[in-house]
Amino acid sequence: MEELLCQENESCLELEEQQEKDIDDLDVFIDLRDNVGGDDHYVEMLFEKEILQFNKFKMEDQSLNSFDNWVQFSRVDAITWILRSREIFGFRIQTAYLSITYFDLFLSRRSIDKDKSWAVKLLSVACLSLAAKMEEVKVPLLSNIQIEDYSFESKIIQRMELLVLHTLDWKMICITPFSFLHYFIIKFKNESSSRLLVSRTVGFMLAIIKEINSMEQRPSVIAAAAILMELDHKLTRKALECKLDFISLPAFLDIENVFECYNLMQKLEMENLKTERTVNLPGYWSTSVSSAISRTKRKRLAFNDSDLDCGLPDEKRQR
């Protein structure tokens, strides 16, 4: 606990300098090339652990699809902020994805009152901070991790971190699609991953996580669908099934789930292309940008002991 909820001073940043890495964050896959590439035994153990983790989530958690619309919209805003903050702080992409996983796990185990939307923003900050402490070498001060319209005190963020840790039973190591990424690239493409292929594959993974709860599909399913989408965005179900037959461990992947994710990625890609054509129309930026410039004054959050649970019912969802 002391490591995660450290006191806010400059000593928190006295860490070893991180080894040189490319600013576009794609060199994080070097370790996958070294360790996972052709090790079927290792990946089989990873599949088995993932299934146990996923089944536990399914038994304990409710789907985010049952949440009110305001929570769904708040989740999209939170993910957008997490991805933007990742770039600002230079975090790895895995860190952003892990923080989204924490966010989904928390909301699937606890509810937040609609009149306390600030709690969702505080949750976003706490989840990103915790993920950074799990994944990053250098972590910014809590006072530097802020969200639009609010200025949360460090002690408030720490209390939210502790609530997240208790809600997740202190089990902060989660398998994500990144664990399988290079393995599937080798199996489907039969060559080392190129920077462009990895970049676009990660793009599909991030696009779908905005649409679905990260517990709705197993991480390996999302990774497989994203890579297949990058290699060929016009696969039929039969063609996709044939692709899966080429990997060494096809029994661990459900064809229907992979195809469902693949179809959703197809849909999102088509919508993205349509949007790109729209924003290139004459006059679009002059109207849309001006309407998005409005910003409200940052509000400094302060709450008393009655707000410690951030509007979370005690008996209904307490674990």
ask   = Should the ring pair Phe184 and Phe180 be called parallel, tilted or perpendicular, given that the plane angle runs from 0 to 90° and is split at 30 and 60?
value = parallel

Treating [X] as the side-chain partner and [Y] as the backbone partner, does any N or O pair qualify as donor plus acceptor under 3.5 Å?
| X | Y | result |
| --- | --- | --- |
| Arg86 | Phe91 | yes |
| Tyr262 | Thr236 | no |
| Asn213 | Met215 | yes |
| Gln146 | Phe152 | yes |
| Arg109 | Thr167 | yes |
| Trp81 | Val125 | no |
| Asp113 | Lys116 | no |
| Asp104 | Ser214 | yes |
| Ser111 | Leu107 | no |

Gap between atom [atom2] of [Y] and atom [atom1] of [X] - 0.5 Å precision:
| X | Y | atom1 | atom2 | result |
| --- | --- | --- | --- | --- |
| Glu271 | Gln266 | CD | CD | 12.0 Å |
| Ile93 | Thr176 | CD1 | OG1 | 11.0 Å |
| Glu153 | Gln158 | CD | CD | 11.0 Å |
| Ile208 | Lys267 | CD1 | NZ | 11.0 Å |
| Leu83 | Leu128 | CG | CG | 9.5 Å |

query = Honestly curious: do Leu244 and Ile51 fall in one hydrophobic cluster under the side-chain, below-4.5 Å linking rule?
reply = yes

query = Any link between Leu98 and Trp170 through a network of hydrophobic side chains (Ile, Leu, Val, Met, Phe, Trp, Tyr) touching at under 4.5 Å?
reply = yes

Beyond-backbone contact of [X] with [Y], side-chain heavy atoms, under 4.5 angstrom:
| X | Y | result |
| --- | --- | --- |
| Glu44 | Glu48 | yes |
| Tyr102 | Cys174 | yes |
| Met160 | Phe106 | yes |
| Phe204 | Leu268 | no |
| Leu181 | Met205 | yes |
| Phe103 | Arg75 | yes |
| Arg92 | Glu136 | yes |
| Val43 | Phe252 | no |

inquiry  = Looking at Ile173, I want to see if its CD1 is surrounded by more than 12 non-hydrogen atoms of other residues, nucleotides or ligands under 6.0 Å.
reply    = no

inquiry  = Minimum heavy-atom separation for Gln53 and Ile175, please, with both atom names.
reply    = OE1-N, 3.3 Å

key: Partners passing side-chain hydrogen bond (donor to acceptor under 3.5 Å, both in side chains) against Glu256 (at least two apart in sequence or in another chain)   = Arg237

message = Run the side-chain hydrogen bond (donor to acceptor under 3.5 Å, both in side chains) test against Ser124 and tell me which residues pass, sequence neighbours left out.
response = none

ask   = Looking at the rings of Tyr183 and Tyr42, which for Trp means the six-membered one, are their centres under 6.0 Å apart?
value = no

Modelled atom types, side-chain donor and acceptor of Glu161 and Ser129, under 3.5 Å = yes

ask   = Any ion pair linking Lys243 and Asp232 (charged N to carboxylate O, less than 4.0 Å)?
value = no

Sequence neighbours left out, cut at 3.5 Å: what donor-acceptor pairs do the side chains of residues 220-229 make with other protein atoms?
unit_1 : atom_1 : unit_2 : atom_2 : d
Ser220 : OG     : Glu50  : OE1    : 2.9
Ser220 : OG     : Glu50  : OE2    : 2.9
Ser220 : OG     : Arg218 : NH2    : 3.4

